[in-house]
Amino acid sequence: MSERRKQYPFPDFEPKWQRVWAERLTFRVGNPGEHGFDPTRPKFYVLDMFPYPSGEGLHVGHPEGYTATDILARYKRMRGFNVLHPMGWDAFGLPAEQFAIKTGQHPSVATVQNIARFKKQLQRIGLSYDWTREINTTDPDYYRWTQWIFLQLYNSWFDPAKKKARPISELAAQWKASHPDGSESGLRDYLDQHRLAYVAEAPVNWCPQLGTVLANEEVVDGKSEIGGFPVIRRPMRQWMLRITAYADRLIDELDGLDWPESIKSLQRNWIGRSEGAEVHFPVVGQDDHITVFTTRPDTLFGATYMVLAPEHPLVGKITTADQRAAIDAYRAQVAQKSDLERTDLAKEKTGVFTGGFAVNPVNHQKIPIWVADYVLASYGTGAIMAVPGHDDRDFEFAQKFGLEIRYVVQPPGPIEGCFTGPGTAINSDFLNGLSTTVAKNRIASWLEEHDSGKRAINYKLRDWLFSRQRYWGEPFPIIWRNGRHEALSAEDLPVVPPPLDDYRPTGTIEPPLAKAKDWVTLADGAIRELNTMPQWAGSCWYFLRFISPHDRQRFVGAQAEQYWMSGRGPGGVDLYVGGTEHAVLHLLYARFWHKILSDLGYVSTIEPFQRLVNQGMILGEDNQKMSKSRGNVLNPDDIIDEYGADTLRLYEMFMGPLEATKPWSMAGVEGVYRFLARVWRLGMTENQEGVWEISPQVIKVEPDPQQNKVIHATIKKVTQDIESLAFNTAISQMMIFVNTFTNVERRPIQALRTLLILLNPFAPHLSEELWERLSQRFSIFSGQISEQPWPVWDESYLEEDEVEIILQLNGKLRDKITVRRDLDRESLEQLVLETPKIRTATRGKTIQKIVTVPNRIVNVVVR
RNA sequence: GCCGAUGUGGCGGAAUGGCAGACGCAACGGACUUAAAAUCCGUUUCUGGGAAACCGGAGUGCGGGUUCGAGUCCCGCCAUCGGCACCA
């Protein structure tokens, strides 16, 4: 670091104020019912996405969102709100576990160290968190409640009639009433099929290198999101969460949220709801039928063949003897392909005829059944009816294999090849002449009447694969007895993972917890569930724990939850800021859990986050994404050493709009540093000995009208810009303010006082320090700056007696005149027509029209 | 291919349908200084005319449109970024 002389003594006062805030618990906030808490004040819950405390520490991207929320928090406090602004640690996860494997050190040790480092770095930025509410997802007092919430899911089912989760006991009662002679195991089976947390043997994404399964959301291009290792599909018995039951609500209940439209559409897209119909095709010569899902049932008359996914259970039965060898070879070949190869769009379609036929229920035609890997086992029913005339993929396949193409939709205009849009039904018997929309409806009714199918809705969203073969995660509160799972009771929580010397993957599908033999087997012979929860579990509800982090009785205190999560919309947290990378993972999972907790009556809102803002990415100075390999990563500590925390905060906010992606610039950092130094010198001057003292230019004097205009314009702009998170323009206005007062001989203390308060949320250390120093001479600086009420602007200062009017001729700027404010239209137009420019320009021409906007513009239209 | 976002000086960016380029950076010129740094002041979209004050023209990715007036609204393209992707 350079030893260059600092422009103002931030290295002295920044740590000083951080200490003061910590000692005085300046930013601590209580809960309703606590001594000194005023529940009549409005509340503001402003939340950052809590970080995973990695070994690398913070980079300059972290403080961007954190500073934005901090400005809001400080501002709202000055506006008289009770502000909940907490921070914590999402500390379970793979990196700590892999570090443990490498070093032999328990993951908790590295976690504690990493958290200490992160916290120290955050505190150096001067963020006004209430650290008495700090939480850590790896703390047994925290994850006991994560496990407790899992039990709520386990002990609930989704009632499709009410579209709500209900206790499983109610379902048990229903079943017993309708099955008076039902067996105990019959009941168990029934309940286990309906729990929101259930066990299923399902094809999963298995990553051999990581030794664990992954959720669909964690697999990118056939590789693990973490590490980029190959992922293969294999069937395994796993815990699943029934998120698909909530698919419609997860779409519909987005409507009331103040989220970016792009994130809402990302979620809708991910859930992928599509409406259509299921159609049953009887298999020729067999008792079976093939069910397909289609969004275009109106094209049923155009179905000329069928395709089954290679994994479809009926493939074996349908295949004829002479086709068996070819089909078996094809299936074996497909099974060897990775997901990446299978979904490669560029490749040619492949497939094999099974030898079997099905009957089209609407016209009783016999159509061939094929097997092809362009049909996915995991979507719909794993089988399709192929309509090559009106589906691109079927068209391509039919062309390659010489299958019949039949057109059943008349396009609005001439089109060649395949037509996938809406039109009018043709060659379709009773559908002929109907528009696509009407035809869809008519055929759906027909299918239902003839028992050949029904209306149906399909989703891309799959149930959430919730178990991982890892050590460093929440153990399940589940034991197994006689091949059946059982929930532990709430009193048995938390289930703490056993100490292990060896965290390595077992090399098989067995989780590392299997190595803790003593822990695994209970006294009565029952064995523990060996999987752990995925990293997303802890972050699904942490915003609730912040409300009452030390509550021993409940995961969140009821009264406090109602106070902090209340609001005008369906969501509780007033402002949630974080990166877009969590658009479909964390944000979808957290909404899902929250809805269950809401259905069961544990929380008072149906959505967790009312307003969501995504901060943009900060690029390196080379305009590239910051990464170790590019060597363009910047550490906030270095910026703070050189320029101070206030400069870091201010620069991050001045770079541009919060939501934009933008490159870092050291020259830009210098710019805001200079600005802060100018603020400092507005109040302070350096004497002969190099000691800073209050500037003699700061005096008790009333600001003149021009100065008052700047003061009030700044109050207005900064206030409005903070509310709309437009921090860059708020800072610009404060720069204009400072430029105005830099060169005046006499600096009114009132002006300086206002500036310091406005600047306080942005640069809290500098404003605190100046406030304190000035208080030694001037009584209007008494008290703590953070306790001052936010200034109010007076419009009357912003209005001047004279206004400048823009003169246009045919919409082009020609001149400007200054006139009395609120001059009436006629007089103004008269004045305009008399100006030399307009006189010359209109000479010999006809004035067609004069457009006048009072106090702003006059546009003369001539011909 | 589909969905979403974004295109404005040398750079980051600013503009309720009404003066395009606020504010900052960089660059250039000046003041202060023995000198430099720091600081302060000024100039800076492109372009034509003029010694100059000044007078004009063009200009917000491209092409149309609406309007007295468009960076802003509408239609059609192009480019970049992000997400999804054989989802029937």
Side-chain angles (χ1 to χ4, degrees), chain A residues 4-5 7 220-221 260-270 272-274 276 292-297 299 307 309 342-347 349 372-376 378-387 390-394 396-397 420 458-462 580-581 583-584 614 616-617 623 625 650-651 654-657 659-672 674-675 677-678 681 717 726 728-739 742-743 804-816 848-853 856-862:
Chain A
R4 199 163 47 140
R5 174 132 168 60
Q7 290 209 20
V220 180
D221 290 338
E261 232 5 86
S262 59
I263 299 292
K264 287 188 181 182
S265 96
L266 231 50
Q267 291 217 345
R268 288 192 193 104
N269 233 307
W270 186 266
R273 184 183 203 270
S274 47
V292 302
F293 173 75
T294 175
T295 55
R296 292 296 301 272
T299 63
V307 184
R342 270 191 74 162
T343 55
D344 183 5
L345 269 173
K347 75 161 200 244
K349 292 214 171 1
D373 70 352
Y374 81 90
V375 172
L376 307 176
S378 56
Y379 183 78
T381 60
I384 61 155
M385 64 176 202
V387 185
H390 305 287
D391 181 281
D392 291 324
R393 297 150 299 182
D394 298 343
E396 192 192 330
F397 191 80
T420 58
N458 242 296
Y459 303 92
K460 285 202 285 187
L461 183 71
R462 306 262 68 92
T580 338
E581 65 271 23
V584 286
N614 296 115
M617 209 185 342
N623 242 305
K625 212 168 167 166
L650 207 66
Y651 176 65
F654 187 62
M655 291 173 82
E659 284 154 284
T661 300
K662 45 215 178 275
W664 189 268
S665 154
M666 270 309 174
V669 176
E670 296 262 7
V672 295
R674 281 201 282 266
F675 163 69
R678 279 151 73 100
R681 290 195 308 267
K717 181 104 179 110
N728 54 333
T729 48
I731 294 166
S732 293
Q733 182 62 39
M734 289 190 279
M735 287 173 166
I736 292 170
F737 184 113
V738 171
N739 291 345
T742 293
N743 290 303
E804 194 177 53
I805 305 289
I806 306 304
L807 305 194
Q808 291 184 342
L809 187 76
N810 291 345
K812 289 195 174 180
L813 175 72
R814 276 300 112 96
D815 205 355
K816 298 172 192 176
Q848 275 194 321
K849 183 174 180 178
I850 301 176
V851 182
T852 301
V853 183
R856 300 193 71 159
I857 193 168
V858 177
N859 185 12
V860 181
V861 184
V862 298

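Reminder, nothing fancy here: chain letters follow the sequence lines and each chain counts from 1.
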Q.
At 4.0 Å (heavy atoms only), tell me whether A/Asn739 reaches a base, stays on the sugar-phosphate, or touches nothing.
A. sugar-phosphate

Q: In whole angstrom, give me the gap between the C1' atoms of B/U43 and B/G9.
A: 15 Å

Q. Donor-acceptor pair under 3.5 Å: do we get one between A/Glu261's side chain and the base of B/G4?
A. no

Q: Tell me what A/Arg678 touches on the nucleic acid: a base, only sugar-phosphate, or nothing, going by heavy atoms under 4.0 Å.
A: sugar-phosphate

(Q) Taking 4.0 Å as the cut-off, does a side-chain nitrogen or oxygen of A/Gln7 come that near to OP1 or OP2 on B/U39? (A) yes

**Q.** Side-chain N,O (A/Thr661) to OP1/OP2 (B/C81) below 4.0 Å
**A.** no

(Q) Does A/Val387 reach a base, just sugar-phosphate, or nothing at all? Heavy atoms under 4.0 Å. (A) nothing

Q | Check: A/Lys849 side chain, B/C68 base, donor-acceptor under 3.5 Å | A | no

Q) Within less than 4.0 Å of OP1 or OP2 of B/C3, is there a side-chain N or O belonging to A/Lys460? A) no

Q. Quick one: does NZ or CZ of A/Lys349 land under 6.0 Å from the six-membered ring centre of A/Tyr374, within 45 degrees of the ring axis?
A. yes

Q. For B/C19, does either OP1 or OP2 sit under 4.0 Å from a side-chain N or O belonging to A/Arg814?
A. no

Q: Determine if the base of B/G48 is syn or anti; take syn to mean the glycosidic torsion is within 90° of 0.
A: anti

Q.
Is the phosphate of B/G12 approached by A/Asn623 (side-chain N or O, under 4.0 Å from OP1 or OP2)?
A. no

